[in-house]
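Reviewing the structure listed below.
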Amino acid sequence: MPLKYPRAKGTHDFYPGAAAWEEDSYRCHYLEDIFRGVSNLYGYSEIRTPAFEPTELFTRSIGEATDIVSKEMYTLVTKGGDSLTLRPESTAPVLRAYVQNSLYATGGVSKLFYCASHFRYERAQKGRYRQHEQLGVEALGADDPALDAEVIALALAFFRRIGIHNLRLKLNSVGSLESRDAYLVALKEFVAPHLPEFSGEGQARFEVNPLRLLDTKNARELEILSSAPHLSAFLTDDERLHHETLIGYLTDAGIDFESDPFLVRGFDYYTKTAFEIQSPDLGAQNALGGGGRYNKLVEAIGGPPTPGIGFGLGIERALIALQALAVEMPSPPSPTAYLIIQGLAARPVGIKLLSDLRAAGIAAETDYGFRSMKAQMRAADKAHARYALILGDDEVAQNVIQLKNLYDSWQHTIPLTEAVEWLSSNGPPAR
RNA sequence: GCGAGCGUAGUUCAGUUGGUUAGAACGCCAGUUUGUGGCACUGGAGGUCGUGGGUUCAAGUCCCAUCGUUCGCCCCA
């Protein structure tokens, strides 16, 4: 059916009862709730930043040569001539807020979580949208590997808690800007003689962003790279110790991981720890989330030298994974009482009762169509209400109301004035 | 940005080698009980076959374009 105003490409709606889990508003909210709970458990507090930031914040932090900055940002120029960009990720905005609000002055480590929409101008595909919802954490103020382990544990705890158990944690250390530069020299020296065998994309990376050479899936390139030097050999003692200590913490915590010396992330700002969490049960978009340490980033955006580590995950991808895995999820809340009104005289009495029920904290619903009793009963059943309250002109005349338990069909009559109290004491549905 | 597939009722799909009023299931609405759900039965509403153009006596069925979507590449959440 031709829509007059279809939604923009690569976007989607979240609405109740959507067949696709990644569009179901209740499931989305459920994941957010779980994430808030886990974040709270680990001592993280929520931060909310604007949907857009000055463009330079992203170009400087993420890296000019990255795909995101070079071709995937939604950038607009204001009437005043400023360049603003819808956030393609949240680390830079959160750090900007951390600096701007002097959160470093509160002492200790600032542990923040966020839940926000992100925007990237990409080729839309399942699990890859131009606007997507992301959950994440940032821990600022310590270079302690224990913090790396905590962030990784938090991420895994979240996935386990929502019911995804088959997870693959990939881990690497990307060193520092200095050790990486030394490595890149060696890597380029190694690749140079083989360069003609690389794809066009690979050759472009060689010039622009050689670290990403490692990220290829091209079989021939992988074969060549299999004997390439590893970044780990170029790490400083401090970086090596950091990584080994982290591995020790993970091992102690019983967290399985897969060392991947070729794991590199899409942003330039990562240092030391880099990790990615994948679901082997997904297709091309198998990365559920990822993160890493960024010890120079706060300084780079104008704050005091502050180490930090973060993690982010896509809600839609998590939901797609949950649906693919047929994970059980709680159903949306249903009303305790469904008020069925029959007759004109009962109408105002019923509307008043509905109001009283809600005022007493009892989830109550009714049918608004003046429909037959049968239709209203069906609606009560469809709403999964615990009780149907039947109020017709006869009941009003006798000042009573009929109360039917829709679970066991037991029905009885009580004085109208006692309805609220009865439902209060007989409580919400046992779900 | 590249390659490929798909686009028919709210949803999932059928629609034979192009040919009369485009079908099913589920969902929705109503009835089978003069005031009572879940099951069953009956009936009903709902589609200018994504859009535009072309070929043809005739197109949902063929061609082109366009938009959307899906899969792969790329990238990443």
Side-chain angles (χ1 to χ4, degrees), chain A residues 1-4 6-12 15 17-20 22 31 62 66-72 87-91 115-136 155 159 199-202 204-205 209 212 215-218 263-267 276-279 282-291 310-321 338 340-343 346 367 369 371-395 402-409 411:
Chain A
M1 169 172 54
L3 287 168
K4 193 169 182 184
R7 65 177 178 247
K9 182 175 182 168
T11 63
H12 58 95
Y15 56 97
E22 72 273 20
L31 293 197
I62 298 174
T66 62
D67 281 7
I68 288 181
V69 168
S70 63
K71 56 193 182 192
E72 296 177 358
R87 61 179 165 221
E89 59 106 39
S90 270
T91 298
C115 164
S117 297
H118 294 77
F119 308 85
R120 292 181 198 172
Y121 187 82
E122 294 183 276
R123 187 81 151 78
Q125 204 169 303
K126 193 177 185 69
R128 186 174 70 188
Y129 307 104
R130 291 183 172 181
Q131 174 175 350
H132 74 276
E133 305 304 312
Q134 201 166 315
L135 304 170
F159 287 119
S199 63
E201 180 67 24
R205 284 174 172 174
N209 198 347
R212 296 212 62 81
D215 210 26
T216 185
K217 286 170 185 164
N218 180 300
L263 174 69
V264 288
R265 301 201 52 75
F267 309 138
E276 189 166 301
I277 295 174
Q278 303 175 345
S279 166
L282 264 52
Q285 274 65 53
N286 67 349
L288 289 172
F311 163 78
L313 71 100
I315 289 185
E316 291 89 344
R317 284 194 188 176
L319 285 171
I320 288 168
Y338 197 100
I340 289 165
I341 303 172
Q342 277 289 297
D367 190 81
R371 299 196 295 171
S372 71
M373 166 159 273
K374 187 176 197 63
Q376 295 190 57
M377 282 298 289
R378 281 197 183 124
D381 184 63
K382 194 157 38 174
H384 297 114
R386 177 72 186 274
Y387 299 101
L389 305 190
I390 301 164
L391 186 70
D393 291 348
D394 295 349
E395 283 78 13
Q402 301 213 40
L403 200 148
K404 179 169 187 172
N405 185 327
L406 292 175
Y407 289 8
D408 60 16
S409 298
Q411 180 169 338

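Atoms considered below: every heavy atom in the structure, side chains included; atoms not considered: hydrogens, waters and symmetry mates.
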For the [atom1] atoms, the ones on [N] and on [M], what distance do you get once it is rounded to whole angstrom?
N     : M     : atom1 : value
B/A24 : B/C41 : P     : 16 Å
B/C2  : B/A65 : P     : 14 Å
B/U69 : B/G31 : C1'   : 40 Å
B/C39 : B/C29 : P     : 13 Å
B/C63 : B/U56 : P     : 16 Å
B/A59 : B/U21 : P     : 12 Å
B/A9  : B/C26 : C1'   : 12 Å
B/C62 : B/G7  : P     : 10 Å

Within the structure shown, what part of the strands sits under 4.0 Å from [X] by heavy-atom distance: base, sugar-phosphate, or nothing?
X        : value
A/Ala375 : sugar-phosphate
A/Lys374 : base
A/Asp394 : base
A/Gln278 : nothing
A/Gln402 : base
A/Gly10  : sugar-phosphate
A/Glu122 : base
A/Lys404 : base

Taking Watson-Crick (N1-N3 plus N6-O4 or O6-N4) and G-U wobble (N1-O2, O6-N3), each under 3.5 Å, can you produce the dot-bracket string of RNA chain B? Use [ ] for crossing pairs and | for inter-strand ones.
(((((((..((((.....[...)))).(((((.......))))).....(((((..]....))))))))))))....

Would you please test A/Arg317 and A/His132 for side chain to side chain contact (heavy atoms under 4.5 Å, CB included) and show each step?
CA-CA 9 Å; A/Arg317 284 194 188 176; A/His132 74 276; over 6 Å; no

Would you compute the distance between atom [atom1] of [X] and atom [atom2] of [Y] and round it to the nearest 0.5 angstrom?
X        : Y        : atom1 : atom2 : answer
A/Arg128 : A/Arg120 : CZ    : CZ    : 10.5 Å
A/Asp381 : A/Leu406 : CG    : CG    : 6.5 Å
A/Met373 : A/Met377 : CE    : CE    : 7.0 Å

What is the distance from [atom1] of [X] to [atom2] of [N], rounded to the nearest Å?
X        : N     : atom1 : atom2 : answer
A/Ile341 : B/U36 : CD1   : P     : 17 Å
A/Met377 : B/C39 : CE    : P     : 13 Å
A/Arg130 : B/U69 : CZ    : C1'   : 12 Å
A/Ile68  : B/A77 : CD1   : C1'   : 9 Å
A/Gln342 : B/G35 : CD    : C1'   : 6 Å
A/Glu316 : B/U69 : CD    : P     : 14 Å
A/Asp367 : B/A30 : CG    : P     : 9 Å
A/Asn405 : B/U36 : CG    : C1'   : 14 Å

Which sits closer to the 5' end of RNA chain B, A/Gly290 or A/Ala19, going by the nucleotide each is nearest to?
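Between the two, 5'-proximity favours A/Ala19.
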
Reading RNA chain B from 5' onward, which residue's closest nucleotide shows up sooner: A/Thr11 or A/Asp393?
A/Asp393

Pair A/Ser117-A/Gln131, side-chain donor/acceptor within less than 3.5 Å
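Distance-only check passes for A/Ser117 and A/Gln131.
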
Compare the minimum distances between each of [options] and the side chain of [X], then state the nucleotide with the smallest one.
X        : options             : result
A/Ile390 : B/G35, B/A77, B/U69 : B/G35
A/Asp381 : B/A77, B/U69, B/G38 : B/G38
A/Arg371 : B/G1, B/A77, B/C29  : B/C29
A/Arg123 : B/C29, B/C2, B/A77  : B/C2

Side-chain N or O of [X] closer than 4.0 Å to phosphate OP1/OP2 of [N]:
X        : N     : answer
A/Arg378 : B/G38 : yes
A/Gln125 : B/G72 : yes
A/Lys382 : B/G27 : no

Can you check whether A/His132 stacks with the B/A77 base, using ring centres under 5.5 Å and planes within 30°?
yes

Look at the side chain of A/Arg128 and the base of B/C74, then say whether one donor and one acceptor between them are separated by less than 3.5 Å.
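Indeed there is one.
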
Do the side chain of A/Gln411 and the base of B/U36 come within less than 3.5 angstrom through a donor-acceptor pair of N or O atoms?
yes

Counting N and O atoms only, with roles assigned by atom type, does the side chain of A/Gln342 sit under 3.5 Å from a partner on the main chain of A/Arg371, one being a donor and the other an acceptor?
yes

Does the A/Tyr129 side chain pair with the main chain of A/Gly127, one donor and one acceptor, at a distance under 3.5 Å?
yes

Evaluate the side chain to side chain contact (heavy atoms under 4.5 Å, CB included) criterion for residues A/Lys71 and A/Tyr121: first the C-alpha distance (whole Å), next the side-chain angles of each, then the deciding distance (0.1 Å), finally the verdict.
CA-CA 7 Å; A/Lys71 56 193 182 192; A/Tyr121 187 82; over 6 Å; no

Test side chain to side chain contact (heavy atoms under 4.5 Å, CB included) on A/Gln411 and A/Ile390 and set out the steps.
CA-CA 10 Å; A/Gln411 180 169 338; A/Ile390 301 164; 4.0 Å; yes

Go through it in stages, so that I can follow the logic: the residues are A/Ile68 and A/Glu89, the test is side chain to side chain contact (heavy atoms under 4.5 Å, CB included), and I'd like the CA-CA distance, side-chain angles, deciding distance and then a yes or no.
CA-CA 9 Å; A/Ile68 288 181; A/Glu89 59 106 39; 5.7 Å; no

